[in-house]
Amino acid sequence: MTHVLSHPPRTASDPRAAGTVFYDGQCPVCSREIGWYHRMRGGAEVTWRDVADPATPIPDGLDRKAMLGRFTVQRRDGTLATGAAGFTALWRAIGPTRWLGLLTDREPFRTLGEGLYRLFLRLRLLWR
């Protein structure tokens, strides 16, 4: 006999986890990665917004062009996280990567992550 265990998502109560992810849908690498996260366990609990689409609403006070240039996440507590901190919030929201989000939310991983993210931004320009 097979038993199916049902566990409520632990990330639902994590205020630092991603609630909404804003990404550049015109970036092929970004879109592929977002698709991968969306299909993961817990990915359906995150709201995904392609800011390359002018019809996509963005939070008041933010600039669409700036959001296209830097990964942006609105956490469940309403605060914003960009760059590596945005990925940390995203990872905290998705079951299989939750451990990575908890780890990268500490030093020296915050600083290292931001440095790697900035390197990615330079390389991303070559893929467009």
Side-chain angles (χ1 to χ4, degrees):
M1 178 152 111
T2 304
H3 295 280
V4 177
L5 299 176
S6 177
H7 297 285
R10 290 184 301 173
T11 58
S13 62
D14 184 351
R16 295 189 50 80
T20 303
V21 170
F22 299 93
Y23 67 96
D24 180 355
Q26 291 181 342
C27 168
V29 173
C30 306
S31 293
R32 215 170 306 129
E33 185 175 7
I34 291 300
W36 182 67
Y37 289 127
H38 188 219
R39 289 186 300 273
M40 292 177 107
R41 182 175 40 85
E45 297 170 26
V46 174
T47 301
W48 306 93
R49 295 213 173 136
D50 176 1
V51 292
D53 178 352
T56 297
I58 61 173
D60 290 338
L62 294 183
D63 177 70
R64 186 175 304 275
K65 186 175 180 181
M67 292 177 77
L68 286 168
R70 191 162 169 88
F71 185 69
T72 304
V73 167
Q74 187 168 31
R75 296 183 185 112
R76 292 198 173 118
D77 67 4
T79 61
L80 295 173
T82 66
F87 279 99
T88 293
L90 172 58
W91 295 332
R92 286 179 77 130
I94 297 177
T97 60
R98 180 169 167 72
W99 69 271
L100 185 57
L102 294 170
L103 177 69
T104 59
D105 207 5
R106 293 172 171 72
E107 287 300 341
F109 302 107
R110 282 186 196 130
T111 301
L112 178 63
E114 184 59 27
L116 291 171
Y117 180 75
R118 288 176 187 213
L119 176 62
F120 164 77
L121 289 178
R122 289 185 191 153
L123 295 173
R124 179 184 128 147
L125 295 174
L126 302 173
W127 295 321
R128 290 199 133 229

Working to the nearest 0.5 angstrom, can you tell me the gap between [X] [atom1] and [Y] [atom2]?
X      : Y      : atom1 : atom2 : value
Asp77  : Arg16  : CG    : CZ    : 7.5 Å
Asp105 : Thr88  : CG    : OG1   : 5.5 Å
Glu114 : Thr104 : CD    : OG1   : 11.5 Å
Phe22  : Arg49  : CZ    : CZ    : 5.0 Å
Asp53  : Arg64  : CG    : CZ    : 7.5 Å
Phe109 : Leu100 : CZ    : CG    : 9.5 Å

Worked verdict on Phe71 versus Val21 for side-chain contact (heavy atoms from CB on, under 4.5 Å): CA-CA 8 Å; Phe71 185 69; Val21 170; 3.5 Å; yes
Leu80/Val73 under side-chain contact (heavy atoms from CB on, under 4.5 Å): CA gap, chis, key distance, verdict: CA-CA 6 Å; Leu80 295 173; Val73 167; over 6 Å; no
Can you give me the closest heavy-atom contact between Gly25 and Ala52, atom names plus distance?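 Answer, listing the atom of Gly25 first, then Ala52: N-CB, 3.9 Å.
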Quick check: closest heavy atoms across Cys30 and Phe120, and the distance to 0.1 Å? SG-CZ, 4.5 Å
Tyr37/Leu90 under side-chain contact (heavy atoms from CB on, under 4.5 Å): CA gap, chis, key distance, verdict: CA-CA 9 Å; Tyr37 289 127; Leu90 172 58; 3.5 Å; yes
When you measure from the side chain of [X] to the backbone of [Y], do you find a donor-acceptor pair of N or O atoms at a distance under 3.5 Å?
X     : Y     : result
Thr97 : Ile94 : yes
Trp48 : Tyr23 : no
Arg75 : Ala18 : no
Ser31 : Cys27 : yes

Could you walk me through whether Arg76 and Asp14 pass the salt bridge (charged side-chain N to carboxylate O under 4.0 Å, His left out) test, one step at a time? CA-CA 7 Å; Arg76 292 198 173 118; Asp14 184 351; over 6 Å; no
Evaluation steps, side-chain hydrogen bond (donor to acceptor under 3.5 Å, both in side chains), between Arg70 and Thr82: CA-CA 6 Å; Arg70 191 162 169 88; Thr82 66; 3.0 Å; yes
Residues in side chain to side chain donor-acceptor pair (under 3.5 Å) contact with Thr72, at least two apart in sequence or another chain: none
In terms of hydrophobic clustering (I, L, V, M, F, W, Y; side-chain heavy atoms under 4.5 Å; direct or indirect links), are Trp99 and Met40 co-clustered? yes
Can you hop from Leu102 to Leu116 via hydrophobic side chains spaced under 4.5 Å?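 Per the 4.5 Å side-chain linkage, Leu102 and Leu116 are not co-clustered.
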Begin with the C-alpha distance, continue with both residues' side-chain angles, and end with the deciding distance and a verdict on side-chain contact (heavy atoms from CB on, under 4.5 Å) for Phe87 and Glu33. CA-CA 11 Å; Phe87 279 99; Glu33 185 175 7; 3.6 Å; yes
